[in-house]
Amino acid sequence: MKEYDHKKIEKKWQTLWEKNGIYHAKDFSKKAKYYSLVEFPYPSGAGLHIGHPRSYTGMDIISRKRRMQGYNVLYPIGWDAFGLPTENYAIKTGKDPRIVTKKNTDTFRRQLKSIGFSFDWSREVNTTDPKYYKWTQWIFLQFLKKGLAYKAKVNINWCPKDKTGLANEEVIAGCCERCGTPVEKREKEQWMLAITKYAERLDKDLDDVDYLPQIKQSQRNWIGKSEGVEFEFKTNISRNIKVFTTRIDTLFGVTYVVLSPEHSNIGEFLVQARNMAEVSKYVREAKEKISKKDLTIDKEKTGIELKGTKAINPANGEEVPVWVGDYVLADYGTGAIMAVPAHDERDFEFAKKYGIEIKQVVMPDITDSKNPHREGKESTIRNTVHIILRNPKKKEILIQFLKGEKWKGINPQSFLIGGVEKGESNMEAASREIKEETGYFNLKFIEEIPFKVQSKFFAAHKDVNRTITVNTLIFNLINEEKTEITEDEYFTKDSHEMKWIPENKISETLTTEDQQMIWKCYQAGKFSYSGAGILMNSGKWNGMDSETAKKEIIKFIGGKEKTTFKLRDWVFSRQRYWGEPIPVINCPDCGLVPVPEKDLPVLLPKVKNYQPTDSGESPLANISKWVNVKCPKCKGQAKRETDTMPNWAGSSWYYLRYTNPKNAKAFADKKNLKYWTPVDWYNGGNEHTTLHVLYSRFWHKFLYDLKLVPTSEPYKKRTSHGMILGEGGVKMSKSLGNVINPDEIVKTYGADTLRIYEMFMGPFSQSVAWSTESIIGSRRFIEKVWRVGLEVLKQKNSSALLHPSDGTFRLQNSSVVKLLHKTIKKVSEDIEEMRFNTAISSLMILATEMEKSEVSIKDYKKFLQILAPFAPHVAEELWTALGEKKSIHLSAWPKYDESLIKDEEIKIAVQVNGKVRAEIMIGADESEEEIKNKAISSEGVLKYIEGKEIKKVIYVKGRLINIVI
RNA sequence: GGGCGAGUGGUGUAAUUGGUAAACACGCCAGUCUUAGGAACUGGUGGCGCAAGCCGUGAGGGUUCAAGUCCCUCCUCGCCCACCA
């Protein structure tokens, strides 16, 4: 053994590990099981992305550590191989996607193996394998049986470029997630999965899983649960209007009702309107606009009144006008709303635009600091400006500026330059200073300018923290050393709305006045208030708080309490070739007939042309031999369903298949599922938290209800990793030419270096920019480990240096041993928290120390063991060179010795008034008194405290001493 | 507009959760080795200052013996969602 030759070593061990099957998970082993999972990759033609190994190494480290801790670990891998890129490639080249997929998975497999992941390759799955998708189809049939898969004519999101329907989740800002083309709305018959039936549970059960808080939050937001009331407005025409609201307490403030242009019964309403022609025209145009969903168009709300139609408020019998407006969504709630402009910002905007009445019915509680008031609209209020200046140089500029003409109308009330004097509040100091400097203080100008009322106003003065903040605009001007501002600068929308926010944290006296002003503005209808409060103008409910009033009013009008969700049913069909065929037969007599289970899988036939059709049918529709079948029920002529499933289908249950991948009788045997599920730890990309994770939780719950899986949740714990960006922090992309090929890195630096580098480059959950320049550091570290290994080997071969009794090296340095045990502790803990970067840094420190001093074989081996999950090849090589026969990855994770972690002598810092002046050494069991005395009399400190009175001495155990004089 | 998160050396970042800011690594500088270049190793490397020392975690303020960390105001950036009644 001489040179560190990564190529030789890595190849050798990868082959041996595979041959010995050391990473194979054993079904039903008596050991405790541990199921760690990473998202299986989509095998694209570009090969493995440099980001893949990040997630995989992270979970590999955890899996390896678990094995060493004695668990029976399942760490599987497979291919999520159905999908558009492969299909598009097939269209372009005419190659069979099966062949393309085979080629791609071969590449991916080779690449993954070259990095030395401890996957159990014997359990590899592939979603495009008929033996796999047979069960995807089978699960679909169960959905169908339970009525959760259904066909419906829906307005779907249609991508004109990919020529396929998209789920809401696949539409990003109105564009196709894959190709960025603006999405159109098309009415089509589609297969749907009723995920909304599970919305409540998908939301609630998040309480019981260990997901990162952000992940839970975004799932919750996506599900979008909100509790409210559904009730009807009677009208003077033949049809009532059903609405949904979460703010029934504002019912008396309803001044109009709005229907969505896409409301299902819009036709009946418009024919009865006096201005029918106009309304129909509006509805047509609005629909058009919505269908384009072009987000570059301004989002101003538009609408038209249905002349002659009146809705009757069930609370007080008042008649209010009925409108059609494009800000009301057809597919949320009932497609119609009660509009309360005084208490809803959108209604407010609309009412202002069309001159509809605004009626306040909720009084904000302006003394309640916890008032959840959100935001208001433009209003007017006296402007006060408060300034603190620390820099005396800027003072002159400010004073000049204040004296300028432009500023005359809006004199600041106060500003502060030198700081607060004893016994003076900031306000007082400011008053004094401005008076001294400008003489302006006694002048009180009141100018009304628009501003945006903010919640802080209502919360204002409870917590009197007398901070006075610089008005940003002035501050900027001062910083730029200007003495004038132009008309434009002053009157830009920006400076008013964003910057002229009057200070709210000033004093009790001011805020009270402000509050009165706000109240006046509010009553004058200058802004809307959407928080809770006390009811007014609401008949017998006056004086009641919002929450109680809600309950009472529901009772009174007989509304139905209802929970709605933003989550929509899942559009499950795609008019594409490369997906699982939906196993259904359309019979003219029997209707939709499921393919009998014994006939599964419905194989995806070979076609000549993969091009999707403009009519929106899958290329499968052209294969008459495949399409035309006998109806399983009546044996008559029938046709196969030609839609395929989206690629989320196969990935919704793949983790179940790993437990029993070759089972031909079921998607997995119950015994296997019982042993292995749930997944103990699942790591994946952030982008999948609202799609894949939610979908698979839905499938899992469904299977749980059928008693086919033993747990109600699939994943016990979910974490996510950050992306790897290109050099300089931009996205890695072909067009930018900054894509890193993992093969190259493995070739020149080795798999261990790549693994160490990817784990060391930054916090695991955060995005980090790739830097080829920096990799060398990780390589140097491994070489250092190697050098130390060679030294240790020399010891082994010269027994003269060893104690015959226990084989420890004679010259062993006790501080290295201590460091080793500290490092074992730190690495063990860091791995659990996925703080791989700091774990590696402590391994680096230890390696450096070991190189400097002597280390025993025994201790060096412990070091190798904690290094092994990170750099498995080099650790294994050195481990065996030291005479071990069994793989290091099957050895027991080292324990640290508690007694070796404690230091007898600690270095602590001595501060005087918070500044470090000296360092002293103290014994671990010295008393506080002794330590304090030592600190006070230490050199370095004396000159600072000489002749001063010591007020206080603070001792922080094992850290520092602060002497206050 | 809403939600989540983040601002620390030339760079990636660390900081025992309020206790010596910059650990570890890249880069850079110097030295050793080398015909040379490179590699490797050793040392140095926040700013100002000859020095003692002072300043320093996006800006300003507050609380504290002590603030990167807590509180308030503001600015900037990233991600996700976006008329969800």
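Predicted, not measured: the structure shown is a model, and the values here were computed from it. Naming: A, B, ... by sequence-line order, numbering from 1 per chain.
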May I ask you to evaluate whether [X] reaches the phosphate of [N], defined as a side-chain N or O under 4.0 Å from OP1 or OP2?
{"X": "Arg780(A)", "N": "rC26(B)", "answer": "yes"}
{"X": "Ser226(A)", "N": "rA85(B)", "answer": "yes"}
{"X": "Arg835(A)", "N": "rU13(B)", "answer": "no"}
{"X": "Arg779(A)", "N": "rA39(B)", "answer": "no"}
{"X": "Tyr332(A)", "N": "rA85(B)", "answer": "yes"}

If I pick the P atom on rG68(B) and the same atom on rU8(B), what distance separates them, to the nearest angstrom? 15 Å
Which whole number of Å gives the distance between the P atom of rA22(B) and that of rA6(B)? 23 Å
[X] [atom1] - [N] [atom2] separation (whole Å):
{"X": "Phe231(A)", "N": "rA85(B)", "atom1": "CZ", "atom2": "C1'", "answer": "11 Å"}
{"X": "Trp770(A)", "N": "rC26(B)", "atom1": "CH2", "atom2": "P", "answer": "15 Å"}
{"X": "Phe836(A)", "N": "rC24(B)", "atom1": "CZ", "atom2": "P", "answer": "22 Å"}

Return the orientation label for the His692(A) and His688(A) ring planes: parallel under 30°, perpendicular over 60°, tilted otherwise.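 Perpendicular.
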For rG7(B), does the glycosidic angle fall within 90° of 0 (syn) or outside that (anti)? anti
Could you check whether Tyr354(A) and Tyr256(A) have their ring centres less than 6.0 Å apart? no
Identified side chain to side chain donor-acceptor pair (under 3.5 Å) partner of Asn221(A) from the options Lys225(A), Gln217(A), Gln219(A):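 With Asn221(A) as partner, side chain to side chain donor-acceptor pair (under 3.5 Å) holds for just one option, Gln217(A).
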Under 4.0 Å protein heavy-atom contacts per nucleotide of nucleotides 5-11 of chain B, with B for base, S for backbone only and - for none: -------
Per-nucleotide pairing state of RNA chain B [Watson-Crick or G-U, under 3.5 Å; [ ] pseudoknot-crossing; | other strand]: (((((((..(((......[....)))((((((.......))))))(((....)))..(((((..]....))))))))))))....
